[in-house]
There are 2 protein chains.
Amino acid sequence: MSATQPLSHTRADEAFDCLQTAIITGELAPGEKIGELELCSRFNLTRGPLREALGRLESRGLLVRRPHAGVKVVSVSAEELMELYRIREVMEGLAARQAAERMTDQEIRDLQATLDSHEKMIDEAQGQAYYQAEGDYDFHHRIATGSRNAKLAQMLLGDLYYMVRMYRYRLSTSAGRPHRALGEHRHIVEAIAQRDGELAEFLMKRHINAARQNIEEKIQEGVLTI
Amino acid sequence: MSATQPLSHTRADEAFDCLQTAIITGELAPGEKIGELELCSRFNLTRGPLREALGRLESRGLLVRRPHAGVKVVSVSAEELMELYRIREVMEGLAARQAAERMTDQEIRDLQATLDSHEKMIDEAQGQAYYQAEGDYDFHHRIATGSRNAKLAQMLLGDLYYMVRMYRYRLSTSAGRPHRALGEHRHIVEAIAQRDGELAEFLMKRHINAARQNIEEKIQEGVLTI
DNA sequence: CAGCTCGATATTGTCAACAATACTTAAGGC
DNA sequence: GCCTTAAGTATTGTTGACAATATCGAGCTG
């Protein structure tokens with residue numbers, strides 16, 4: 001994978017990473033009320049760092065805490081997932097526009113290379129699940145950072161993507177449309193390479209909107225359940 | 001002020017509120033490196049709750065922490081403020097569109113009443129500063145919650161608005177354009193009342209873009225300094 | 001028999017002491 | 001005289017014990 005040697009130099013960071021991945025993978029079920037002591041024994045932590053991590057996770061909306069009543073993992077609904085995609089649509093549209101204006105030529109070449117490797121993986125067939133999961137994440141990650149908008153990148157990478165990945169695990173998706181998505185990615189990169197911010201924004205919004213509709217249909221057909 | 005009897009039922013919440021307002025008001029200067037013990041004595045806290053609050057504030061991007069090196073308030077630049085407004089533009093545009101589709105008739109009436117009271121305050125002249133500060137916040141707050149998009153409201157109310165308010169204090173603004181802003185607010189509410197989501201989105205985006213340009217001009221003229 | 005009040009228990013919130021690490025100051029060598 | 005190096009100090013990170021509060025169960029009353 002691209003990033004994350006979780007090399008957390010402090011116990012609280014470690015706790016944060018552990019809990020976050022546990023929530024995303026579903027190891028901690030949504031709606032589950034979980035005690036601090038149990039979390040401590042489960043992840044070999046003490047309560048101090050744990051509480052600090054809980055604070056961070058709460059402020060990111062991955063869990064809720066009622067005073068003296070414990071923490072529970074945030075429960076997720078299909079409607080909320082759709083709302084998430086609506087937010088992504090406008091924010092990543094902005095990211096694409098700013099990326100078109102600000103990415104370096106080298107970054108754009110890297111982005112194109114990324115897509116080439118994705119294509120290879122898809123053609124070698126077995127990589128479809130991978131592509132949908134991490135490859136897609138990689139693509140959007142690069143554009144978010146390429147926007148040179150620190151707060152925007154922080155909100156996308158630090159908040160929204162984790163939520164989306166949480167749903168991905170739950171849906172055990174890979175119910176994707178890799179070829180179509182790859183084509184859409186190519187068009188977006190083309191627009192960025194031509195420094196056409198307006199077009200990049202338009203294409204990105206349409207891309208995410210299509211992904212949203214795809215999931216929505218799958219859910220209504222009962223192919224995917226939450 | 002409008003809300004916030006800070007009635008925090010836990011010491012950590014109290015710490016969080018105190019620190020947040022201290023950062024927003026500039027009582028803690030940006031870039032300032034501040035020790036934990038000093039913060040404790042300054043706000044009558046102990047280090048446990050304090051550290052939990054620091055974790056929350058860090059994940060919200062109001063301060064940065066290097067391990068064993070202490071915390072420092074995030075430093076802010078004019079460019080970052082402009083980026084913030086670009087994010088607001090797309091997110092609040094979405095909020096306005098969804099509010100137009102989902103607000104109850106009662107909520108819309110309340111929103112109109114809010115604008116009436118703002119107008120009265122402006123006409124009574126001395127309320128200009130108030131309007132620009134809290135009244136504007138109130139208006140955008142209602143639309144964010146009216147969008148019925150929990151994550152969107154959380155991101156706007158929990159992240160962006162605090163950042164914007166931080167800049168507001170720094171700029172000692174009120175360098176506003178209350179009458180023009182009120183008119184724009186009225187048009188947005190009209191579009192919402194007519195359930196015209198597309199128009200509401202367009203008007204909101206234009207409204208925020210105008211506010212951004214206004215600040216940008218003021219900064220370039222040297223009237224405002226960061 | 002249902003609803004409520006009251007108490008026991010377990011969990012969370014808080015605190016103060018201990019350990020580990022980074023910054024500072026001073027000394028020595030080049 | 002300046003840079004490098006090493007010890008001391010101060011600050012952060014961590015731990016375990018203490019206090020406060022909510023949940024759960026039992027007994028009582030209507």
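The sequence lines fix the lettering, A, B, ..., with proteins before strands; numbering per chain opens at 1. When reading the values below, keep in mind they use all heavy atoms of this one structure, side chains included, and skip hydrogens, waters and symmetry mates.
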**Report entry** Length of the line joining B/Leu37:CG and C/dA17:P, which is rounded to integer Å
**Finding:** 15 Å
Query - A/Leu45 vs A/Glu36 side-chain heavy atoms within contact, under 4.5 Å - result: no
Query raised in the report: So, is A/Arg66 near the phosphate of D/dT21, with a side-chain N or O under 4.0 Å from OP1 or OP2?
Result: no
Query raised in the report: What's the closest nucleotide to the A/Arg47 side chain, out of C/dT12, C/dA16, D/dT14?
Result: C/dT12
Query raised in the report: Relative to the ring of A/His140, is the ring of A/His207 parallel (under 30°), tilted (30 to 60°) or perpendicular (over 60°)?
Result: parallel
Query raised in the report: Of the candidate nucleotides D/dA20, D/dT14, C/dT14, which contains the atom at the shortest distance from the side chain of B/Arg51?
Result: D/dT14
Query raised in the report: Should A/Arg102 and B/Glu79 count as an ion pair when the cut-off is N to O under 4.0 Å?
Result: no
**Report entry** Options C/dC15, D/dA22, D/dG13, nucleotide nearest the side-chain atoms of B/His68
**Finding:** D/dG13
Query raised in the report: Tell me, do A/Glu52 and B/Leu54 make a side-chain contact under 4.5 Å, heavy atoms counted?
Result: no
Query raised in the report: Does A/Thr10 have a side-chain nitrogen or oxygen under 4.0 Å from the phosphate oxygens OP1 or OP2 of D/dT14?
Result: yes
Report task. Starting at atom CD of A/Glu36, determine the distance to atom P of C/dA10, rounded to an integer number of angstrom. Result -> 17 Å
Query - C/dG13 OP1/OP2 closer than 4.0 Å to side-chain N/O of A/Arg65 - result: yes
Requested in this report: Classify the nucleic acid contact of A/Gly48 as base, sugar-phosphate or nothing, counting any heavy atom under 4.0 Å across all strands shown.
Outcome: base
Query raised in the report: Between C/dC23, D/dA22, C/dT14, which nucleotide gets closest to the side-chain atoms of A/Ala69?
Result: D/dA22
Requested in this report: Figure out the CG/P separation between A/Leu39 and C/dG13, and round it to whole Å.
Outcome: 12 Å
